[in-house]
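Input: a single structure, listed below in structure tokens.
Reckoned from all heavy atoms, side chains included, excluding hydrogens, waters and symmetry mates. Just so it is clear, the structure is predicted and the values come from calculations on it, not from any experiment. Below, chain A is the first sequence line, B the second, and so on; all start at residue 1.
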Number of protein chains: 2
Amino acid sequence: MTTQEKKITINEVAEAAGVSVTTVSLVLSGKGRISPATGMRVNEAIEKLGFVRNRQAVSLRGGQSGVIGLIVRDLCNPFYAELTAGLTDELEKQGKLLFLTQSGGQGQHMQRCFETLVSQGVDGVIVAGAAGQGADMRTVAEQKNLPLVFVSRASYLDDADIIRPDNMQASQLVTEHLIKRGHQRIAWLGGDGSSLTRAERVGGYCATLLKYGLPFHSEWIIECEPSQKKAADAITTLLQHNPTITAVLCHNSTVAMGAWFGLLRAGRQSGEGSIDSYYDQHVALAAFAEVMDDELDDLPLTWVSTPAREIGRSAGQRILKRVQNDNEEVRSQIMPARLVVRKS
Amino acid sequence: MTTQEKKITINEVAEAAGVSVTTVSLVLSGKGRISPATGMRVNEAIEKLGFVRNRQAVSLRGGQSGVIGLIVRDLCNPFYAELTAGLTDELEKQGKLLFLTQSGGQGQHMQRCFETLVSQGVDGVIVAGAAGQGADMRTVAEQKNLPLVFVSRASYLDDADIIRPDNMQASQLVTEHLIKRGHQRIAWLGGDGSSLTRAERVGGYCATLLKYGLPFHSEWIIECEPSQKKAADAITTLLQHNPTITAVLCHNSTVAMGAWFGLLRAGRQSGEGSIDSYYDQHVALAAFAEVMDDELDDLPLTWVSTPAREIGRSAGQRILKRVQNDNEEVRSQIMPARLVVRKS
DNA sequence: CTGAAAGCGCTAACAC
DNA sequence: GTGTTAGCGCTTTCAG
């Protein structure tokens with residue numbers, strides 16, 4: 001039942017400090033040359049009254065709103081969650097704020113999200129996971145002179161400002177790692193055939209095999225749903241039909257774990273003495289992970305992680321730069337992956 | 001190089017439609033009684049000019065901003081990610097928008113986040129994962145008459161508007177399930193001793209054991225870091241020392257998976273014929289999961305899931321209700337968990 | 001049913 | 001250095 005406090009504006013501050021609103025405004029934005037004494041008085045008044053500057057008024061007057069809009073496909077996907085976290089971090093560090101909207105799996109709400117963001121007066125918009133459907137948004141953004149940055153998991157729109165992971169490089173990195181460990185017959189497990197990310201990764205895998213003059217069979221590239229059971233079954237079948245394979249590259253962490261189960265099971269059934277030795281002697285695993293995945297640390301495998309957080313941060317820096325001066329040149333930024341070598 | 005389009009306001013719309021700004025405003029908010037003909041004309045003009053209403057101006061004039069602020073502990077935690085997703089969904093459904101801020105693991109930035117949100121003119125604030133440190137925020141919110149809702153994973157502040165999962169009920173649910181399946185000697189694995197969530201869950205577990213007159217030993221309650229390896233080792237040790245245990249309750253999914261590995265290993269080493277039969281005959285697993293976790297579907301265990309998404313949705317509904325009329329009574333809302341019984 | 005006009009809180013010319 | 005003042009885009013009495 002506190003008495004409903006009167007809203008404090010720069011007017012009250014000005015009065016309390018015995019100056020004009022201009023002076024207060026100047027102090028707030030640190031612009032005009034204000035005498036130290038006055039600045040002090042104003043700041044005291046601000047402090048005492050608990051004044052907080054109304055950003056909406058600032059923004060309405062013509063200034064920037066200090067807000068960036070994000071349209072993200074699905075927050076529950078760890079990749080996007082990490083991305084968003086990185087982005088908020090970066091923005092908050094710069095004193096900006098983030099509007100969060102979800103476009104939904106198929107991007108159904110994208111247009112609506114975009115309009116809402118625009119009507120809220122955001123300084124710029126970041127679209128994560130657009131799958132190349134940002135055409136109309138881009139025309140609107142252009143005519144409103146609103147910075148627009150895309151984040152993608154594979155390469156789509158090449159004429160837009162876009163940040164994405166280097167799937168090829170990631171794949172080359174991990175494939176080369178296996179090769180250097182002595183593996184010559186390497187298979188691929190997991191992912192959906194229609195996935196662009198997978199296409200790029202498989203591309204990197206093929207390229208690396210060829211580069212080293214190693215055999216490459218299309219039957220060694222297996223699609224698999226992200227279920228451990230399915231993956232375990234798939235690797236079992238694969239190895240039965242192709243016993244010469246010595247290493248398997250897994251498209252994601254779930255498949256990797258499933259594959260490991262499959263190997264365990266096979267090892268046991270084939271009557272080996274020790275699970276670990278079976279693994280070491282027979283089939284090596286490697287994997288892709290969308291984020292730094294602690295789960296994988298427990299598995300005997302090497303993996304590459306997509307730098308989701310860095311991508312988010314990078315997107316934040318990019319959009320802020322675009323907001324400040326539009327004469328940016330760089331259009332496509334590719335973020336490299338990191339190799340996490342198996343703990344010994 | 002499109003010509004920099006002039007910004008369109010209700011003024012241009014009014015002119016284009018041959019009416020006054022008042023009329024346009026009325027049409028926009030659907031308030032005053034506008035003749036269908038005029039309404040039509042205005043809407044056409046809006047459409048043609050691509051007008052989007054400036055929410056900042058609306059808000060500045062005294063209306064609501066249509067924005068809710070969220071202060072979340074850590075987005076990368078699946079629980080909070082799911083919560084946030086549910087919240088955005090709900091808010092977007094109501095035409096509202098969400099400001100996202102992260103307070104950091106220890107809630108270091110909480111106060112700063114809160115101030116930023118306030119200065120942006122949010123209609124209300126939701127704090128997720130505050131661990132009972134929202135004292136000063138609450139006084140500020142109260143004197144500004146700003147709705148404030150807390151979301152927590154365990155019970156903290158009881159005199160505030162708070163939504164949280166029913167950890168006790170969840171634990172009772174899953175414990176009872178095991179008991180009804182015939183288990184009498186049930187152990188607990190995982191979690192950190194200082195976790196309040198864990199405390200509540202362990203409480204529910206104890207209560208249920210006692211209720212059924214079953215034995216309860218503190219040595220059967222094991223702390224364990226969320227690492228599969230650690231969990232596997234822990235369950236192995238536990239069962240070696242206490243061979244009569246027939247079921248283990250795992251505090252989270254990582255521990256559950258680790259425990260399963262441990263059982264597999266034990267089964268193999270003890271020379272059982274089949275992994276699955278070993279599991280069935282000897283030790284049953286059950287687990288808690290923070291979200292609907294697909295990973296767990298592949299494991300032979302029953303689990304309860306914290307309704308993170310529903311909590312998010314609920315928080316959204318609650319804050320909107322509070323924004324509309326402050327005379328809400330309900331202060332504490334507890335969300336029940338769901339039991340996901342092992343697939344047969 | 002529709003219009004004219006007064007601000008919401010703040011900034012930026014322009015004066016002093 | 002500091003004060004006056006005119007709006008930013010919108011809603012909302014109060015008159016027609």
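Among the atoms of the strands shown, base atoms are found under 4.0 Å from some heavy atom of Ile10(A). In this structure, Arg53(A) reaches the sugar-phosphate backbone alone: every heavy-atom distance under 4.0 Å involves primed, P, OP1 or OP2 atoms, never a base. As judged by a 4.0 angstrom heavy-atom cut-off over every strand, Val24(A) is placed among residues making no nucleic acid contact. Residue Ser35(B) is classed as a sugar-phosphate contact, given heavy-atom separations below 4.0 Å to backbone atoms only. The residue Thr9(A) sits close only to the backbone: its heavy atoms come under 4.0 Å of sugar-phosphate atoms, none of a base. At a threshold of 4.0 angstrom between heavy atoms, the contacts of Ile34(A) are confined to the sugar-phosphate backbone, with no base atom among them.
Taking side-chain N and O atoms only, Ser20(B) has no distance below 4.0 Å to OP1 or OP2 of dT2(C). Checking the phosphate oxygens (OP1, OP2) of dT2(C), a side-chain nitrogen or oxygen of Thr38(B) falls inside 4.0 Å. Considering only side-chain N and O atoms, Arg61(A) lies nowhere under 4.0 angstrom from the phosphate OP1 or OP2 of dC8(C).
Taking both residues in full, the closest heavy atoms of Gly39(B) and Val27(B) are given as CA-CG2, 4.2 Å, listed atom of the first, atom of the second, then distance.
In this structure, OG1 on Thr88(B) lies 10.0 Å from CZ on Arg313(B), to the nearest 0.5 angstrom.
When rounded to the nearest whole Å, the span between CG of Leu60(A) and C1' of dA12(C) equals 14 Å. Glu12(A) places its CD atom 13 Å from the C1' atom of dC8(C), with the value rounded to the nearest Å. Between Glu15(A) atom CD and dG9(C) atom P the separation is 14 Å, expressed in whole Å. Going from atom CD of Gln120(B) over to atom C1' of dC10(C) covers 14 Å, rounded to whole Å. One can place CD of Gln64(B) at 15 Å from C1' of dC8(C), the figure rounded to the nearest angstrom. Counting to the nearest Å, the P atom of dC8(C) and the CD1 atom of Ile8(A) are 15 Å from each other.
Side-chain contact of Ser314(A) with Gln317(A): a donor-acceptor pair under 3.5 Å is absent, judged by distance alone. There is a side-chain donor-acceptor pair under 3.5 Å between Arg318(A) and Gln333(A). Side-chain contact check for Thr38(A) and Ser35(A): at least one donor-acceptor pair (N or O, by modelled atom type) lies under 3.5 Å.
Every residue two or more places apart in sequence or in another chain that forms a side chain to side chain donor-acceptor pair (under 3.5 Å) with Thr23(A) is listed here: Ser20(A).
With salt bridges taken as basic N to acidic carboxylate O contacts below 4.0 Å, none links Asp123(B) and Lys96(B). Comment: Glu90(B) engages Lys93(B) in a salt bridge, judged by a side-chain N to carboxylate O separation of less than 4.0 angstrom.
Looking only at distances, no side-chain donor or acceptor of Thr116(A) sits under 3.5 Å from a matching main-chain atom of Leu97(B). For Thr306(A) (side chain) and Ala308(A) (main-chain N/O), no donor-acceptor pair under 3.5 Å exists by modelled atom type.
If you walk DNA chain D from 5' to 3' and mark each nucleotide with an atom closer than 4.0 Å to a heavy atom of chain B, the marks span dG9(D) to dT12(D).
In terms of polar N and O atoms assigned as donor or acceptor, the side chain of Ser25(A) never comes within less than 3.5 Å of the base of dA12(C) in a complementary pairing.
Between its two ends, the helix from dC1(C)-dG16(D) to dC16(C)-dG1(D) turns its axis by 40°, counting five pairs per end and rounding to 10 degrees.
Comparing Gln56(B) and Leu26(B) by the nucleotide of DNA chain D whose heavy atom lies nearest to each, the residue mapping closer to the 5' end is Gln56(B). With the nearest nucleotide of DNA chain C identified for both Gly39(B) and Ala57(B), Gly39(B) has the one nearer the 5' end.
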